[in-house]
Amino acid sequence: MSLAFATIKTLREKLDKKEISQEELLNYFINRFRKFDDKIGSALEIFSAESILKKSSHSNTTLCGIPGIAKDNICQEDRIISCASKILQNFHSTYDATVIKRLKEHGALLIGRSNCDEFAMGSSSEYSAFKKVANPWDLHRVSGGSSGGSAAAVAAGLIPWSLGSETGGSIRLPSGFCNLIGIKPTYGHISRYGLVAYASSLDQIGVMTRTIYDNALIFSAIAGFDPKDSSSANVKPKDYTSNLNGKLKTNLKIGFIKNALEAKEIDNEVKDAMQKAIKKYEELGAFIKPITFKSLDYAIATYSIITRAEAASNLARFDGVRYGYRNKNYSNLDEMYKKTRGEGFGDEVRLRILVGNYVLSAGHAEDFYVNANKVRQLMKNEAKEIFKEVDLLFLPTQVTPAFKFGTFKDPLAMDLQDYFTAFANLIGIPAISHPCGFTKEKLPIGCQLVGPHFSEDLLYQTAYAYEQSTEWHKMHPVGYED
Ligand code: GLN
């Protein structure tokens, strides 16, 4: 049997039975990147087996010897952390992010840095300063963004799991485009110590895998309180696989967001897949309640203002003095800043910084940033009321299937890709995207379950019951066999 699409569970058994050694397994996946990644572009760097093994620790947990890849905005000690930007192209991290540290303590092997949109800004991974990420299901199409490399690598069976980051949908959208499971945790559930900040009131790290069980396994290793992150919530680590029994919670009520399917931009095949998925949940025993969720319509505008403002503030630190690239050809400090930032950042990042400074500027902050935060509060209030009536919400992950490269010339049109995802980040609640079908052209479609704060357990349990009664997760793109 090929190991390419094997689950972590299967790989564990093979390691335990000594059918394969850790080193062989590691080299197997390194070689898969060598063989297939030229055409996908999912990785910015794959480390040498020797250097990976030197940094690994031995433990007896399920993850010991299991390779994975982390998005290149998550710090790994002594490795480059570029955020897919020229400004950090040669910048090395001096420490491990808490998630990386925890994974290493569990014996997991961090194999490289995955490609993404520059500073995680984008929905297609076309804004990487280095190369684009193709979708393994159709190489003419994007893998989604911003964690596109993390998605494409797992989808093509180059690696069993990956870490991504989310500000407005960057894990779930690529998961939907690539037939994966992607979780965006509750704000504060996973430490962000060592995640390069984009918009701090929204950013979260999350996990991408091909099965729910594997996702819950990695999640269990990284979630929980971290004193190094001041936004970290006081939750104890626990085993999120323990509830995966194939059954739905008794009397589970799912709120089907009706207005999510009303917009004319929504692809018809996506709509059909949603009807089928919700029917499946009903067959499994869930009580389905159609609801209207007004916040969906406010999310993009609110999100755009808040992210630009916070990005302008966070990215001010890349000034040529403290980190990364500096233009050497200047006669005064102002010129050095201008040249460094002008050359170091790509167009999309510069645009967001400009807009961010504008919405924060004197005379405008009240109209934009302050108002956006008021709307955000209204969205939180609406969600709170809705969760008094239903346990979870259901809606699509994506507006359309994965689109072709170059489809969106207008950055605002690209922003609409987050229509179904950004509200969960604004409210701070967890959401999971899972496969639920394919278009006629064989492009994956994903749907989401969204729950109240810290309901990850219920999200995993519910999505697992669905997964066990469907075959979507067993479908893989062709052309990536050994
Ligand atoms: N597409 C969104 C943006 O560009 C989401 C990015 C993200 O979640 N990191 O802001």
Side-chain angles (χ1 to χ4, degrees), residues 70-74 83-85 114-129 133 142-151 162-178 182-185 187 190 192 195-208 299-315 345-356 359 372 376 397-400 402-403 407-408 410-433 446 448 450:
K71 184 173 179 178
D72 199 11
N73 61 351
I74 302 174
C83 297
S85 178
S114 55
N115 198 0
C116 54
D117 284 300
E118 185 176 2
F119 284 101
M121 298 177 188
S123 298
S124 66
S125 299
E126 291 170 288
Y127 299 146
S128 164
V133 184
V142 305
S143 61
S146 62
S147 313
S150 297
S162 63
L163 294 182
S165 74
E166 269 239 9
T167 305
S170 278
I171 289 174
R172 286 166 288 158
L173 186 68
S175 297
F177 280 4
C178 294
I183 192 155
K184 193 293 280 182
Y187 188 76
I190 291 187
R192 302 185 307 190
L195 169 70
V196 177
Y198 159 19
S200 308
S201 73
L202 300 152
D203 298 339
Q204 277 293 293
I205 293 172
V207 186
M208 297 154 96
I300 296 294
T302 312
Y303 173 84
S304 300
I305 293 169
I306 293 174
T307 48
R308 273 56 175 180
E310 295 185 12
S313 158
N314 274 324
L315 271 61
F345 291 135
D347 290 349
E348 178 65 19
V349 173
R350 286 210 312 278
L351 178 64
R352 292 191 188 207
I353 293 173
L354 277 172
V355 175
V359 302
R376 186 176 187 178
T397 302
Q398 62 218 66
V399 178
T400 64
F403 47 89
T407 298
F408 295 106
D410 171 6
L412 290 179
M414 182 84 94
D415 283 356
L416 286 177
Q417 295 298 314
D418 305 321
Y419 183 63
F420 293 132
T421 49
F423 78 91
N425 306 69
L426 286 162
I427 299 169
I429 49 182
I432 195 164
S433 174
Q448 290 185 81
V450 186

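When a ligand or atom number is given, it counts from 1 through the structure's own listing order.
A donor-acceptor pair is defined here as one N or O able to donate and one able to accept, closer than 3.5 Å; such a pair exists between the side chain of Asp203 and the backbone of Tyr198.
Asp117 is linked by a side-chain hydrogen bond (donor to acceptor under 3.5 Å, both in side chains) to nothing, counting only residues two or more places apart in sequence or in another chain. For Glu348, the side-chain hydrogen bond (donor to acceptor under 3.5 Å, both in side chains) partners at least two apart in sequence or on another chain are Arg352.
Residue pairs meeting the salt bridge (charged side-chain N to carboxylate O under 4.0 Å, His left out) criterion with at least one partner in residues 163-176, sequence neighbours excluded, are Glu166-Arg172.
Checking Ser150 against Lys71 by side-chain atom types alone, no donor-acceptor pair falls below 3.5 Å.
In this structure, ligand 1 sits under 4.0 Å from heavy atoms belonging to Ala120, Met121, Gly122, Ser123, Ser146, Glu166, Thr167, Gly168, Gly169, Ser170, Tyr198, Tyr303, Arg352, Asp418.
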(message) Checking Asn314 against Phe119 for the side chain to side chain contact (heavy atoms under 4.5 Å, CB included) test, could you report, in this order, the C-alpha distance in whole Å, the side-chain angles of both residues, the deciding distance, and whether it holds?
(response) CA-CA 11 Å; Asn314 274 324; Phe119 284 101; over 6 Å; no

